[in-house]
Structure formats: C-alpha cells, structure tokens
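Values below: all heavy atoms of this structure, side chains included; hydrogens, waters and symmetry mates excluded.
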Amino acid sequence: MAHTNRFRMTIRILAVLGFGAGCLLLAADEPKQQVQVSKTERIDFPPGGTLRLTKSTGVLTVEAWDRPDVEITTIKSTKAEYDAGGRERAKHELNKVRVAAERHGDELVVTTDFPRHRAISRFDLEYHIKAPSTARIIASHDVGDVNIDGLVGDIQVTLLQGEIMLHLPEDGEYNINAKSQFGNVNSDFPGPEKRRWWLLGHRSVNENSQAAHKLTLRVGFGDIVILKTRVPAPPGPLTPAPKAGGL
C-alpha cells in the first residue's frame, strides 16, 4: 500500500512539473511585443483661442476640423519589445509619461511630463490633435516632428531637433519668419531666402505687414517645409447640352 501511495505521489509531481515546463515553453514561444498605451479626450475650446504645447516631444500632428472643441489623442509606446512577463512592467513605466490639458483663460495648455533621468529614447510619443481652423498654435517642442495641417491662425513653433511641416491654404496670406540653424527652409509662398553657409543654416522671410496671419518658425537641427494646400474652386453653373440638329 505504501509503495502504491509513493507511486501515485510521484505521478502527481511529474504531472505538475510537466505542466510547469509546458507553460514555460509556451511563454518562450510567444513572440515579444511592443507595449502601447493610448488615450483620447475632448475639451472645450474658446472661440479664437490659443492651443499651447509645452515640453512636447515625439511626433506632434495638429489638424483642422469643423468642430468648436479640441480632440487630443496621445499614443505612448515602447521602443523595445517585451515578453508577457515584462509587458506589465513596461506599461507601468509608460504611465509615468503624463500628458495633461488644462484651460487657462483663452488658452488650452497641453503639458508633457516624464522622469527626466530616464533616456528619452526608451519610448515613443505621438500627439494627434484636432482643433478649429482658426486656433492659434504655440508649440515648444523638444525632439521629433511637428506637422500642422489646414489651420489659418497664427503659428509659432520652436523645435530643438526634427522637422516642421506646414500645409496651409493656397489662398492665404502669411507674414513668414522661418529660420533653421542647421538645416533648410523650403516654402511654396514667395519671399526672400538667405543661406548662411558659415552656420550651415537657412532663413526665409516674407515680411507682409498686411497679412492676416503670422508664422514664426524656429528649428535648431532640421528642416522647415511650408506647402500650399490647393483649395478646390466652387462648382460653376451647369451648361445645358446643345440640342440635336443644332436647333
């Protein structure tokens, strides 16, 4: 009887060990993945107000839409890939990267905060913002790209490193002051350009005091691109088709 009990106990132990080994093999076979955390919120925006971004980093995209409020979507993701055991820890680290939006008078201020002792290269951050076309934009961006599409208000962007890309209505008039310390400035809107070879920089200025909107763009390392977005002409009256036989 004792021999039988020992045999059964051995079988149970082997079964438990086999189950554990199987789980470890499954975990080992599971592909590693990046970890991503996203959030979307809508916030009231004052008519003719200013959208101000401070300490932003990564890829910032601001797009005009026909609603009076602002929609902000942030996507935080790890650069590295993690197994199942490490993804929860990585998500906890991503949650330390905080993006907050608050109203201050006629401004909506979006602030980014993360532990400065951590290398910025450990995570990617994207902002997808939809705002009224007349909103003023003031952005102080660290490293990454800034894309602004379809807005017609004043735009002021300071970028440490990366590219500023603007798509503006072709029929707009702009007072443009764009400067890159180490890079190029390319604009579809006419204006004198000056290369400063001793600084490897480029400047484009279109001083138009009568212009309704002002663009002030600064990049330390990188390019500035200002493109015209074609505005389709309104459809004209329909011309009746000629009658058969020329009558």
Query raised in the report: If you round to the nearest 0.5 Å, how far is CD1 of I148 from CD1 of I137?
Result: 5.5 Å
Report task. Any chance you could lay out the side-chain contact (heavy atoms from CB on, under 4.5 Å) test for L53 and I129, step after step, and finish with the verdict? Result -> CA-CA 11 Å; L53 294 108; I129 301 177; 3.8 Å; yes
Report summary line: Contacts of D154 meeting salt bridge (Lys or Arg N to Asp or Glu O under 4.0 Å) (sequence neighbours excluded), chain-then-number -> R136
Report task. Indicate yes or no: does E107 engage R52 in a salt bridge with an N to O separation below 4.0 Å. Result -> yes
Query - Stepwise side-chain contact (heavy atoms from CB on, under 4.5 Å) test for L217 and V219 - result: CA-CA 7 Å; L217 311 172; V219 174; over 6 Å; no
Requested in this report: Could you check if a side-chain atom of E126 sits within less than 4.5 angstrom of a side-chain atom of T74, using non-hydrogen atoms only?
Outcome: no
Query raised in the report: side-chain contact (heavy atoms from CB on, under 4.5 Å) between T112 and R98: does it pass, once the steps are laid out?
Result: CA-CA 6 Å; T112 302; R98 297 183 176 90; over 6 Å; no
Query raised in the report: Counting only heavy atoms not in N95, do more than 12 fall under 6.0 Å of its CG?
Result: yes
Query raised in the report: What pair of heavy atoms forms the shortest contact from S180 to G222, and how long is it?
Result: OG-O, 2.6 Å
Query - N-O pairing of K91 and E88 below 4.0 Å - result: no
**Report entry** Worked check of side-chain contact (heavy atoms from CB on, under 4.5 Å) between Y174 and I155
**Finding:** CA-CA 10 Å; Y174 304 93; I155 298 174; over 6 Å; no
**Report entry** NZ/NE/NH1/NH2 to OD/OE distance under 4.0 Å, K79 and D124
**Finding:** yes
Query raised in the report: Can you name the side-chain hydrogen bond (donor to acceptor under 3.5 Å, both in side chains) partners of E102, sequence neighbours left out?
Result: H104
**Report entry** M165-L51 co-clustered via ILVMFWY side chain contacts under 4.5 Å
**Finding:** no
Query raised in the report: Should we say atom CZ of R89 is surrounded by more than 12 heavy atoms from elsewhere, each under 6.0 Å from it?
Result: no
**Report entry** Pair T54-T111, side-chain donor/acceptor within less than 3.5 Å
**Finding:** yes
Query raised in the report: Counting distance only, does the side-chain N/O of Y127 pair as donor-acceptor with the main-chain N or O of T57 below 3.5 Å?
Result: yes
Query raised in the report: So which heavy atom on V62 is nearest to which on A131, and how close?
Result: CG1-CB, 4.5 Å
Query raised in the report: Going only through I, L, V, M, F, W and Y residues with side-chain contacts under 4.5 Å, is there a path from V70 to V59?
Result: no
Query raised in the report: In this structure, which one of K130, H128, E63 forms a side chain to side chain contact (heavy atoms under 4.5 Å, CB included) with E71?
Result: K130
Query - No-hydrogen, no-angle side-chain donor-acceptor test under 3.5 Å, S56 and H141 - result: yes
Requested in this report: Output yes when a side-chain donor or acceptor of T216 lies under 3.5 Å from a complementary backbone atom of N177, and no otherwise.
Outcome: no
Requested in this report: Test the K228-F189 pair against the cation-pi criterion, namely NZ or CZ under 6.0 angstrom from the six-membered ring centroid and within 45° of the ring axis.
Outcome: yes
Query raised in the report: Honestly curious: do V110 and I138 fall in one hydrophobic cluster under the side-chain, below-4.5 Å linking rule?
Result: no
**Report entry** Shortest non-hydrogen contact from R218 toward I164
**Finding:** O-CD1, 3.9 Å
Query raised in the report: So, N184 side chain and D223 main chain: donor-acceptor pair closer than 3.5 Å or not?
Result: no
Query - Single-linkage hydrophobic cluster V37~F123, side-chain heavy atoms < 4.5 angstrom - result: yes
**Report entry** Single-linkage hydrophobic cluster, 4.5 Å side-chain cutoff, L94 and Y82 together
**Finding:** yes
**Report entry** Rounded distance [0.5 Å steps], NZ in K32 versus OG1 in T78
**Finding:** 11.5 Å
Query raised in the report: How far apart are the closest heavy atoms of L125 and K76, and which atoms are they?
Result: CD1-CG, 3.4 Å
